[in-house]
There are 2 protein chains.
Amino acid sequence: MKDTVNQLKEYLIKHDIKPSTIRLKILEYLLNNPIHPTADDIYKSLLDQMPTLSKTSIYNTMDLFAGKGVVKVISLDEKEARYDINTCLHGHFKCHVCERIYDFPISCDIQTPQELEGFAINDIDINFYGICQNCKNKERRIWKWNG
Amino acid sequence: MKDTVNQLKEYLIKHDIKPSTIRLKILEYLLNNPIHPTADDIYKSLLDQMPTLSKTSIYNTMDLFAGKGVVKVISLDEKEARYDINTCLHGHFKCHVCERIYDFPISCDIQTPQELEGFAINDIDINFYGICQNCKNKERRIWKWNG
DNA sequence: CTCATATTTTATAATAATTATAATTTTACA
DNA sequence: TGTAAAATTATAATTATTATAAAATATGAG
Ligand SMILES: [Mn+2]
Ligand SMILES: [Mn+2]
Ligand SMILES: [Zn+2]
Ligand SMILES: [Zn+2]
């Protein structure tokens with residue numbers, strides 16, 4: 001337990017972030033819940049541990065984390081921003097039935113399109129939308145039930 | 001002129017949309033300005049032609065167009081939605097200096113990652129972010145000036 | 001054409017995520 | 001311990017979008 005906290009502290013320090021209680025709690029949450037949470041998800045989940053927590057602190061912390069490269073902000077089809085503790089290049093699939101967001105590896109190392117020759121590419125977002133296998137199976141079951 | 005309007009009308013009808021004045025004007029604007037405009041861009045551009053135009057009409061029309069497949073809503077790094085009259089699969093590059101959004105073709109026909117085997121993929125967004133060639137050249141010129 | 005009805009457009013208010021500002025609390029450390 | 005800096009919070013403001021209902025326009029039978 002103590003060890004974990006120290007690891008988290010080191011992790012933040014390595015990223016040039018002073019480790020405060022809130023920052024550690026948020027980092028811990030993000031590592032334990034790699035579900036691409038929204039600011040509100042994080043807020044709600046930490047509220048019982050830290051009853052004085054404010055939404056502004058979540059936003060502040062996430063901005064800080066994003067700026068220091070601890071999280072990547074992912075902007076999908078929706079109006080709320082989501083935060084990904086996994087900052088390595090990978091794709092996202094959002095199921096529009098269960099709203100879950102799946103990771104998938106980007107297989108073929110993206111080659112720069114000729115059209116973007118001479119452009120500096122700093123960031124890549126690859127987002128797929130559809131229905132995940134779980135939800136497809138459920139739908140099929142409902143089909144069967146209905147005849 | 002008359003011809004063009006008729007073509008636009010046919011285009012809407014083909015997409016199961018009753019052609020009203022506003023809808024035709026918006027469609028015309030989108031075809032003549034394939035710059036991925038925001039609702040506000042469209043509104044401001046049409047306001048002098050149609051002084052009674054309301055922002056709500058833009059949103060209504062764009063929702064209708066999106067539902068009928070006339071435009072694709074593209075959600076980038078920003079809070080405003082943008083609309084693309086080109087609904088074929090292609091990638092977007094946003095320059096964070098000039099804010100311009102460039103199209104580029106998706107070269108290698110995206111193969112479904114094994115991880116998404118059994119998933120139904122309905123939509124794909126591929127967004128690159130960085131600095132476009134224009135802006136890079138400008139920056140270099142400023143460098144030179146400053147010594 | 002004329003009236004009734006459906007559709008479209010508009011004005012207005014509501015919602016909701018995010019940001020701005022300033023006050024309060026906590027931390028660092030002389 | 002006292003003071004300044006940093007972090008956190010409360011509160012208000014902003015802004016894109018949606019909801020609602022009123023007004024304008026189009027449609028179509030009689
Ligand atoms: Mn991810
Ligand atoms: Mn495009
Ligand atoms: Zn699902
Ligand atoms: Zn540029």
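The sequence lines fix the lettering, A, B, ..., with proteins before strands; numbering per chain opens at 1.
For the pair D125(B) and K72(B), the salt-bridge criterion is met [side-chain N within less than 4.0 Å of a carboxylate O].
A pairwise comparison of heavy atoms in G130(B) and N122(A) identifies CA-ND2, 3.5 Å as the closest pair.
A donor-acceptor pair shorter than 3.5 Å cannot be found between the side chains of N60(B) and S57(B). Judged by distance alone, the side chains of H90(B) and D84(B) do bring a donor and an acceptor atom under 3.5 Å apart.
Centroid-to-centroid, the aromatic rings of Y102(B) and F128(B) stay 6.0 Å apart or farther.
As rounded to whole Å, 16 Å separates atom C1' of dT27(C) from atom CG of L12(A). Rounded to an integer number of Å, the gap from CD of E78(A) to P of dA16(C) is 15 Å.
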* Structure fact -> Its contact letters, B for base, S for sugar-phosphate only and - for none at protein heavy atoms under 4.0 Å, make nucleotides 5-21 of chain D read -SSSBBB----SBBB--
